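Heads up, the thing below is written out as structure tokens.
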2 protein chains.
Amino acid sequence: MASTDKASPCDRLLDAAARLSYRDGVSIGVETLCREAGVSKRSMYQLFDSKDQMLAASLERRVARYQARLAHPDPDAATPRERILYVFEQLEKGSVDPDYHGCPYLAVLVELKDPEHPASAVARGVKQTLKEAFRTEAERGGARDPELLARQLLLIFDGASARAGARVERLDDGLATATATALLDAAGLA
Amino acid sequence: MASTDKASPCDRLLDAAARLSYRDGVSIGVETLCREAGVSKRSMYQLFDSKDQMLAASLERRVARYQARLAHPDPDAATPRERILYVFEQLEKGSVDPDYHGCPYLAVLVELKDPEHPASAVARGVKQTLKEAFRTEAERGGARDPELLARQLLLIFDGASARAGARVERLDDGLATATATALLDAAGLA
DNA sequence: GCGCGGCGAAACCGATCGGTGTATTCCATG
DNA sequence: CATGGAATACACCGATCGGTTTCGCCGCGC
């Protein structure tokens, strides 16, 4: 059976929306989405009010998985520095996938220039959460200015993911971790 | 008279394409573009082979202006460090404009996931040129690894422009220059 | 005065957009 | 077996997509 069988129409729709909108952009058509999910357009509009809300739901659905992949597997044993650098190591590991096209949440924010779009709100929330995670680690590690360090790390994170996704830069030599390390050192993080 | 009068149809078209595709995204329609430029669709298709090529031309047209805005006004008197930091100061100055939506070349690369698109090639070229400018300054300033430093600075540049354009971050407190400075120091740049 | 070329207005092309209406089928529950 | 909700197929809506074509005006050279 195909990987999309057996799941509920709602799940199949959200998975297809996440996959295709990430690969082809948010302007992917609902017709294509439904065909890919094996769900009729009529069913889709009974499950969701609009394409915009389905897109937001498809982003929301993957938030936990996304954050879990960036979280250090053994948080208690790791230092703040290790937990921060683990995020960038994971970014570098993911970027070698030929299907990698950058952080999907940043891509949505760039493509949907409308900040009122429901999907933009989801994406902003993910970015905010990551920043707060960085800031918490920065505080625990004794950084001189935890807020500043967190904002700097997000500059690196988003810059690296955007450039790697656009195939303008490669991260597989540790560019992101090296840059983050330089900032951690400059911030006086333990 | 409107600002678009008196210029040639070609210029008006390219200006409108640059303005609207930057504001609304590259999926802006040719109908809208032509209406804004006051040029008939027929004339547009005599001047350009396709919408894609017109988009590429509109990006190309602004390259020199874009690069000039990032270049230090007095290159001979300035140190490599000053010339590098000037780029980030200009980025921060531009980002306070309410119409700022990030670096237009990075936005095009993210929106047009197709690297074969003629506009993608133009955008990649701009990024490459900026990286080489950074590397030249890094060499002249005696950085330990000029190539690495140039790549790191572009991470900052693109991360800052994308986040500022998406209104997820503000640069008006000097975030970009502060981060770049930390990297220059870490690289041993004079 | 006349014809011709360039250009704008607008119709037109097939395709696709987001979204809806309607009729039908499937399946689980009572 | 009957009923009802869920899902289907499919036609349809007006709008817009990138792109082409027709027509008619206007100015310039002969």
Side-chain angles (χ1 to χ4, degrees), chain A residues 1-59 108 111-114 116-120 122, chain B residues 1-2 4-59 108 111-114 116-122:
Chain A
M1 72 176 87
S3 67
T4 52
D5 283 1
K6 280 305 171 80
S8 80
C10 181
D11 288 348
R12 276 181 283 149
L13 264 176
L14 292 176
D15 285 343
R19 266 197 50 240
L20 294 187
S21 72
Y22 179 60
R23 195 188 63 184
D24 300 334
V26 298
S27 62
I28 184 77
V30 298
E31 196 84 47
T32 309
L33 250 25
C34 291
R35 195 182 327 120
E36 179 81 5
V39 174
S40 72
K41 208 161 36 154
R42 206 72 192 84
S43 300
M44 187 209 116
Y45 277 104
Q46 273 166 345
L47 292 165
F48 302 97
D49 289 346
S50 67
K51 178 201 172 183
D52 289 353
Q53 295 206 343
M54 185 190 56
L55 182 64
S58 80
L59 290 182
V108 154
E111 293 177 40
L112 301 174
K113 319 238 168 198
D114 176 16
E116 308 290 325
H117 194 292
S120 293
V122 175
Chain B
M1 74 176 84
T4 51
D5 283 0
K6 280 306 171 80
S8 79
C10 180
D11 287 349
R12 276 180 285 150
L13 226 21
L14 291 176
D15 285 342
R19 267 195 49 240
L20 293 187
S21 72
Y22 179 60
R23 194 188 64 185
D24 301 333
V26 297
S27 62
I28 183 77
V30 297
E31 197 84 46
T32 309
L33 249 27
C34 291
R35 195 183 326 120
E36 179 80 4
V39 174
S40 74
K41 223 176 359 167
R42 182 171 194 274
S43 300
M44 188 208 113
Y45 277 104
Q46 276 171 225
L47 290 165
F48 302 98
D49 290 346
S50 67
K51 178 201 172 184
D52 289 353
Q53 296 206 342
M54 185 190 57
L55 182 65
S58 81
L59 290 182
V108 154
E111 293 177 39
L112 300 174
K113 320 241 167 196
D114 176 16
E116 308 289 326
H117 193 292
S120 293
V122 175

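What you see is a predicted model, and the numbers here were worked out from it, not measured in a lab. Sequence lines set the chain letters: A, B, ... in the order given, protein chains first and strands last, and positions in each chain run from 1.
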Between P of D:dA9 and CD of A:Gln46, the distance in whole Å:
13 Å
Could you pull out the closest heavy-atom pair between A:Ser58 and A:Ala17, with the gap in Å?
CB-CB, 3.8 Å
Checking D:dG19, D:dA9, C:dT20 against the side chain of A:Ser40 (C-beta onward), the nearest is D:dA9
Separation of atom CD in A:Glu31 from atom C1' in D:dT8, rounded to whole Å:
14 Å
In whole angstroms, the gap separating P of D:dG18 from CG of B:Leu47 amounts to 17 Å
Taking only side-chain nitrogens and oxygens of A:Tyr45, does any of them come within less than 4.0 Å of OP1 or OP2 of C:dT20?
no
With a non-hydrogen cut-off below 4.0 angstrom, is A:Ile28 in contact with a base, only sugar-phosphate, or nothing?
sugar-phosphate
Let me know the distance between NZ of B:Lys41 and C1' of C:dA10, rounded to the nearest Å.
10 Å
Pairwise 5' ranking along DNA chain C for A:Gly29 and B:Met44, keeping only the more 5' one:
B:Met44
Rounded to whole Å, how long is the line connecting atom CG of A:Leu55 with atom P of C:dG18?
11 Å
Return yes if some donor-acceptor pair links the side-chain N/O of A:Arg12 with the main-chain N/O of A:Val39 below 3.5 Å, else return no.
no
From D:dT8, C:dG19, C:dA11, pick the nucleotide closest to the side chain of A:Ser50?
C:dG19
Taking CZ from B:Phe48 and C1' from C:dC7, how many angstroms apart are they, rounded to a whole number?
16 Å
Sugar-phosphate only, base, or nothing, as touched by B:Leu33 at under 4.0 Å among non-hydrogen atoms
nothing
Check step by step if side chain to side chain donor-acceptor pair (under 3.5 Å) holds for A:Arg42 and A:Gln46.
CA-CA 6 Å; A:Arg42 206 72 192 84; A:Gln46 273 166 345; 5.8 Å; no
Hey, which of these two, B:Asp49 or A:Val39, hits DNA chain D nearer its 5' end, going by closest nucleotide?
A:Val39
Exercise: identify the closest heavy-atom pair between A:Cys10 and A:Phe48
SG-CZ, 3.9 Å
Spacing between B:Leu13 atom CG and D:dG18 atom P, to the nearest angstrom
13 Å
Among the nucleotides C:dG18, D:dT20, D:dT8, whichever has the atom closest to the side chain of A:Lys51 is C:dG18
Does B:Glu36 reach the main-chain N or O of B:Ala16 with its side chain, forming a donor-acceptor pair under 3.5 Å?
no
Take the protein atom CZ of A:Arg12 and the nucleotide atom C1' of D:dT8, then report the distance between them rounded to whole Å.
11 Å
Picking from C:dT20, C:dG19, D:dG18, which would you name as closest to the side chain of A:Arg42?
C:dT20
Under 4.0 angstrom, heavy atoms only, what part of the nucleic acid is A:Gly38 near: base, sugar-phosphate, or nothing?
sugar-phosphate
